[in-house]
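Data first, discussion second: the structure below is written as structure tokens.
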Amino acid sequence: MNYSFYERVNQHFDTLSDSEKYLLHYVQEHLNEMPKISIVRLSEQANVSTATIVRTMKKLGYDGFTSFKIHLKDEHRRSPEFSVVEKVDNKIKEAIMKNELEVTKTIQMLDRGTIEDVLQKIIYARKIVLFARGFSELIAKEMAVKFQLTGKYCEMHDDPNIIRTVSKRIERQDIVIFISLNGSTEELVQAAKNCKANSVSTITLTANRESPLYALSELALVGYKSRVSYFPDYEVRSRLPLQVMARIILDAYAIRTQT
């Protein structure tokens, strides 16, 4: 099967060294430049050796860096463009493309096998417990309501003290879903540790593969978070990747339980 770049990253990420992960992070942030860049220039800009670049690409299933660039060009050729973008101000154009990028890359990064495992866990769980903080609470509340509308018992908690307390009492027949952009919120991490200690299954929706929540969770879906923020003075980054993953889970669950 001809996997996309993000599918390959998702499949092989845990086998990569720190320097290889660093390189891939750089490549993801400058993906549009990759088809035109040489391996020597990439080595200079990313501050890694050309050997690291070749080794990383081979681990992802490419024959080398040139093979990676050829596949990437083919992927971009099939990608739909926003025709409206040409008609608006450049800054607004950037905003539109930022949102398109977060949606498209998040979908590309999702592993179908993990989605299936998540669905099975949710379907057979006695109840769902959702934990979220900050702006992620809005996504968790929507998920809770929609699960309840399907007849699935679901509760949602956003208070730090309640999260810490409730997470100690959850039983093995239940499942916990964490929603966290960075995956490092203190009370959520503590709750994940409590669940792991009690052998409770956990699922995390995040945009940070190297976060404590990702490491502690039994299953995790990882989305793409843009580095661009139009509110730089505040920690209010877009939760669009989390919304995309939540919607996919909800729609898939509804489809499975209606048939």
Can you name the closest pair of heavy atoms from [X] and [Y] and give their distance?
X: L16; Y: K21; result: O-CE, 3.5 Å
X: Y62; Y: S4; result: OH-C, 4.5 Å
X: P212; Y: G183; result: CD-O, 3.2 Å
X: S136; Y: R239; result: OG-NE, 3.4 Å
X: F65; Y: I37; result: CE2-O, 3.6 Å

Between the side chains of [Y] and [X], is the shortest nitrogen-to-carboxylate-oxygen separation below 4.0 Å, so that they form an ion pair?
X: E116; Y: R256; result: yes
X: E171; Y: R126; result: yes
X: K225; Y: E102; result: no
X: R112; Y: E7; result: yes

Original post:
Residues sharing I163's hydrophobic cluster, by side-chain heavy-atom contacts under 4.5 Å among ILVMFWY, directly or via others?
Top reply: V129, F131, I162, V166, I170, V176, F178, L188, V189, V200, L213, L216

Subject >> Q28 and L31: CA distance, side-chain angles, deciding distance, side-chain contact (heavy atoms from CB on, under 4.5 Å) verdict >> reply: CA-CA 5 Å; Q28 289 173 341; L31 198 62; 5.8 Å; no

If you measure from [atom1] on [X] to [atom2] on [Y], what distance do you get to the nearest 0.5 Å?
X: L23; Y: M57; atom1: CG; atom2: CE; answer: 5.5 Å
X: T106; Y: L205; atom1: OG1; atom2: CG; answer: 11.0 Å
X: D251; Y: I248; atom1: CG; atom2: CD1; answer: 8.0 Å
X: S38; Y: Q45; atom1: OG; atom2: CD; answer: 8.5 Å
X: K59; Y: H12; atom1: NZ; atom2: NE2; answer: 10.5 Å
X: L130; Y: E137; atom1: CG; atom2: CD; answer: 11.5 Å

Looking at side-chain heavy atoms only, is the closest gap between [X] and [Y] below 4.5 Å?
X: I128; Y: Y153; value: no
X: V103; Y: Y224; value: no
X: E187; Y: Q190; value: no
X: V222; Y: M245; value: no
X: I203; Y: I175; value: yes
X: T204; Y: L221; value: no

Any donor-acceptor pair under 3.5 Å linking the side chain of [X] with the backbone of [Y]?
X: K152; Y: A125; answer: yes
X: D159; Y: N161; answer: yes
X: Q148; Y: C154; answer: yes
X: T206; Y: S180; answer: yes
X: T52; Y: V48; answer: no

**OP:** Report the residues that fulfil side chain to side chain contact (heavy atoms under 4.5 Å, CB included) with S43, sequence neighbours left out, ordered by chain and then residue number.
**Re:** T50, I53

**OP:** Please name all residues satisfying side chain to side chain contact (heavy atoms under 4.5 Å, CB included) with K58, sequence neighbours left out, ordered by chain then number.
**Re:** V54

**OP:** Determine, stepwise, if the pair F147 / L250 fulfils side-chain contact (heavy atoms from CB on, under 4.5 Å).
**Re:** CA-CA 7 Å; F147 276 129; L250 289 167; 4.0 Å; yes

Subject >> From CA spacing to verdict: salt bridge (Lys or Arg N to Asp or Glu O under 4.0 Å), K121, E218 >> reply: CA-CA 10 Å; K121 287 285 187 180; E218 182 178 342; 2.8 Å; yes

[X] and [Y]: same hydrophobic cluster, using ILVMFWY side-chain contacts below 4.5 Å?
X: L181; Y: L138; answer: no
X: Y124; Y: I177; answer: yes
X: I70; Y: V40; answer: no
X: M143; Y: I123; answer: yes

Subject >> Greater than 12 external heavy atoms within 6.0 Å of N198's CG >> reply: yes

Subject >> Within 6.0 Å of CZ in R247, more than 12 heavy atoms from elsewhere >> reply: no

**OP:** Apply side-chain contact (heavy atoms from CB on, under 4.5 Å) to the pair K196 and K193, showing each step before the final yes or no.
**Re:** CA-CA 5 Å; K196 189 170 185 177; K193 291 178 180 178; 5.7 Å; no

**OP:** Decide whether S19 and S17 meet the rule of one side-chain donor and one side-chain acceptor closer than 3.5 Å.
**Re:** yes

**OP:** I would like to know whether R164 and N194 meet side chain to side chain donor-acceptor pair (under 3.5 Å); could you show each step before the answer?
**Re:** CA-CA 8 Å; R164 290 189 180 96; N194 294 339; over 6 Å; no

**OP:** Just do the side-chain contact (heavy atoms from CB on, under 4.5 Å) check on Y214 and N208 with the steps written out, would you?
**Re:** CA-CA 7 Å; Y214 178 90; N208 185 2; over 6 Å; no

Original post:
Is the H30 ring parallel, tilted or perpendicular to the Y26 ring (thresholds 30°, 60°)?
Top reply: parallel

Original post:
Do H71 and F5 make the cut of ring centroids closer than 6.0 angstrom?
Top reply: no

